[in-house]
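One structure is given here, and the rest of the page talks about it.
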There are 2 protein chains.
Amino acid sequence: MHMPATVRTPSYQYPQTAGSPAIFGATELPSVPMSFAKDAEIYGENEPAEYVYKVLSGAVRVSKVLQDGRRQIEAFYFAGDVFGMEFSPDHLSSAEAISPVSIIMVKRSTLLQHAERDAQIAKQLWQHTAQELEHARRHAMLLVKTAQERVASFLVGISARLVNGSVELPMSRQDIADYLGLTIETVSRTLTLFQKTSAIEFATSRRMIVRNKQALINLDS
Amino acid sequence: MHMPATVRTPSYQYPQTAGSPAIFGATELPSVPMSFAKDAEIYGENEPAEYVYKVLSGAVRVSKVLQDGRRQIEAFYFAGDVFGMEFSPDHLSSAEAISPVSIIMVKRSTLLQHAERDAQIAKQLWQHTAQELEHARRHAMLLVKTAQERVASFLVGISARLVNGSVELPMSRQDIADYLGLTIETVSRTLTLFQKTSAIEFATSRRMIVRNKQALINLDS
DNA sequence: CGGAATCTTGATTACCTTCAAACAGGGTGG
DNA sequence: CCACCCTGTTTGAAGGTAATCAAGATTCCG
């Protein structure tokens, strides 16, 4: 719903994985910078997909809400990641800022027009969707595993963002639970278990130190 | 691994949803007809993705096998469906014939070359991947629901193929279980439950009559 | 008809959820 | 500066759902 831009300084900034602000390599495309406050909605389910977004800093969650109120988080996006690109004219999920977020937006229609003429851009569009597909399938594989395997797998993924052996988790335990298809209690208990086995350690509830990544990878199975 | 073609007459043939044998509307592309016996492997995980396939008759399952031997079925494909198209040069999953299957194959490289020059084909390629993505996400949503909801949802999907109120399920109970992330016993028990509540009925273990589709939709939640 | 594979049913167990309460951290106002 | 509150997280106890283990029943095919 394109909330008013409220620029806030994030408490922690992830290392930027992609230096270029260009979306899909189309450097010449006009892009609009924008900021969202924590918990602001970037777009809602079934809204027209007017823009495509690239995260510059902060973290975003993309999710759906089931009829019974359960929320399923499909993915988290961090600096350098592109999200909100749909083939369908409407967004099929909603996106919210987990932490204060700064992004750039490119008009979907413009991107589509370029894809019509530029095979390179068309291919990047396809590649992006293919990567999302691979992620969605890996995610589906996760959801049939045990709680320990799910949490371990999530932590291994997060480990990619380690700086000096620790990360600030931008998302709440509830977010993790909704991503893994577990309850917040099970996530909490499993994290406590991993601490007891010295695989990880929490400086604060959000700052995690990975002590034994291999143990997590083994659990990931 | 491109098993030798063993043409067999399927016991039951699904109505053909797409009349044209063309893949992605590229009518001029050379396609090779082929048949696979029940349980034959069409391609394996990590094999080079040399071809793209379109089902003419029969049913196909696409799956991955986890390290611990568990199998996760990602999708079933029926007459008219295209499968095996990857952005990556290798197949990320394997495909097997559930029933005797006849297909046509188009070289992936040829298709890619055409997509370079024909924006229409490039768009269809993207659209196809986007549809697969949507399916994968819906599938992921399924996997966090209860057994009854999963089975009901699966049956609702199958109901699209109803002819005179009944369908022949081409897949085994084990296939259904591996698709839904349940055990074969739970699938069997749930189907029995749905029979007791008169939502469905089984003429044979594979021929299902849908008595109350709305009940299934309600359970699907 | 006989044997093997598939499917169903039963009993028990294990894991995760639910319900409930305590704990920790951060911010505000007195 | 401390008391209080609010939110997020952790921990505990009990219960429920699906998995597991095991045995029958049915179907399919040679």
Side-chain angles (χ1 to χ4, degrees), chain A residues 8 11-12 38-39 61 66 68-72 98-100 142-152 154-155 168-196 200-208 219 221, chain B residues 8-12 37-39 61 66 68-72 98-100 142-155 168-196 200-208 219 221:
Chain A
R8 289 217 253 152
S11 56
Y12 177 77
K38 181 163 152 42
D39 292 326
R61 69 169 170 255
L66 303 175
D68 61 2
R70 279 201 67 159
R71 183 183 63 162
Q72 167 84 321
I98 289 178
S99 55
L142 246 196
L143 298 178
V144 300
K145 297 190 183 177
T146 65
Q148 287 190 38
E149 288 169 336
R150 294 188 217 187
V151 175
F154 172 75
L155 294 181
E168 185 76 17
L169 301 178
M171 70 290 284
S172 68
R173 298 291 188 269
Q174 187 62 59
D175 285 338
I176 298 174
D178 289 347
Y179 179 69
L180 297 178
L182 298 170
T183 59
I184 184 175
E185 293 95 332
T186 298
V187 169
S188 182
R189 273 186 254 270
T190 307
L191 290 175
T192 300
L193 174 68
F194 289 171
Q195 285 185 89
K196 282 179 182 156
I200 57 173
E201 195 182 322
F202 281 95
T204 71
S205 70
R206 294 291 183 96
R207 174 153 292 273
M208 177 179 71
L219 271 170
S221 116
Chain B
R8 292 218 249 151
T9 311
S11 57
Y12 178 77
K38 181 164 153 37
D39 291 326
R61 70 170 170 254
L66 304 175
D68 61 1
R70 280 199 67 159
R71 184 183 63 162
Q72 165 85 322
I98 288 178
S99 54
L142 245 196
L143 298 179
V144 300
K145 298 191 182 176
T146 66
Q148 286 188 41
E149 286 169 338
R150 296 188 215 185
V151 174
S153 183
F154 172 76
L155 295 180
E168 184 77 17
L169 301 178
M171 70 290 285
S172 68
R173 297 291 190 268
Q174 187 62 59
D175 285 338
I176 298 173
D178 289 346
Y179 180 70
L180 298 177
L182 299 169
T183 59
I184 184 175
E185 293 96 331
T186 299
V187 169
S188 182
R189 272 186 254 270
T190 308
L191 290 175
T192 301
L193 174 68
F194 289 172
Q195 284 186 87
K196 281 178 182 156
I200 56 173
E201 195 180 321
F202 281 96
T204 71
S205 71
R206 296 288 185 99
R207 175 152 291 275
M208 178 179 71
L219 271 171
S221 117

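Note that the structure is a prediction, hence the values are computed from the model and not measured. The figures here come from the full heavy-atom set of this structure, side chains too, leaving out hydrogens, waters and symmetry mates. All chains are named by letter (A, B, ...) in the order of the sequence lines, taking the proteins before the strands, and each is independently numbered beginning at 1.
Using a 4.5 Å cut-off on side-chain heavy atoms (C-beta onward), Arg150(A) and Thr190(A) make no contact. The side-chain heavy atoms of Leu180(B) and Thr186(B), taken from C-beta on, include no pair separated by under 4.5 Å. Residues Arg206(B) and Ser172(B) form a side-chain contact, since some pair of their non-hydrogen atoms from C-beta on lies under 4.5 Å apart. Side chains of Pro100(B) and Lys38(B) form a contact here, defined as non-hydrogen atoms less than 4.5 Å apart.
Not one side-chain nitrogen or oxygen of Ser205(B) sits closer than 4.0 Å to the OP1 or OP2 atom of dT8(C).
One atom, CZ of Phe202(B), and another, P of dT26(D), lie 16 Å apart when rounded to the nearest Å. Distance CE (Met208(A)) to C1' (dT10(D)): 17 Å, rounded to an integer number of Å. Between Leu143(B) atom CG and dA19(D) atom P there is a gap of 12 Å when expressed in whole angstrom units. Rounded to whole Å, atom C1' of dT17(D) lies 17 Å from atom NZ of Lys145(B). If you take CD of Glu149(A) and P of dA14(C), they are 18 Å apart, rounded to a whole angstrom. Atom P of nucleotide dC15(C) and atom CG of Leu219(A) are separated by 14 Å, given to the nearest angstrom. When rounded to the nearest whole Å, the span between CZ of Arg173(B) and P of dA19(D) equals 16 Å. Atom pair Arg70(A):CZ and dC16(C):C1' shows a separation of 11 Å (rounding to whole Å applied).
Here the CD1-CZ distance, from Ile176(A) to Phe154(A), works out to 4.0 Å after rounding to the nearest 0.5 Å. Atom CD of residue Glu149(A) and atom OG of residue Ser221(A) lie 4.0 Å apart, to the nearest 0.5 angstrom.
Taking every heavy atom of residues 175-191 of chain B and every atom of DNA chain C, pairs under 4.0 Å involve Glu185(B), Ser188(B), Arg189(B), by number.
In plain terms, the two heavy atoms of Val144(B) and Gly181(A) that are nearest each other are CG1-CA, 3.8 Å.
Of the candidates Arg61(B), Arg71(B), Arg173(B), Asp178(B) forms a side-chain hydrogen bond (donor to acceptor under 3.5 Å, both in side chains) with just one, namely Arg71(B).
Overall bending of the helix from dC1(C)-dG30(D) to dG30(C)-dC1(D), expressed as the angle between end axes built from five pairs apiece, is 30° (10° steps).
Using a 4.0 Å heavy-atom criterion, one finds that Arg150(A) contacts no nucleic acid atom at all. Using a 4.0 Å heavy-atom distance criterion, Thr146(A) is classed as a sugar-phosphate-only contact.
Of the possible donor and acceptor atoms, none in the side chain of Ser188(B) sits under 3.5 Å from a partner among the backbone N and O of Ile184(B).
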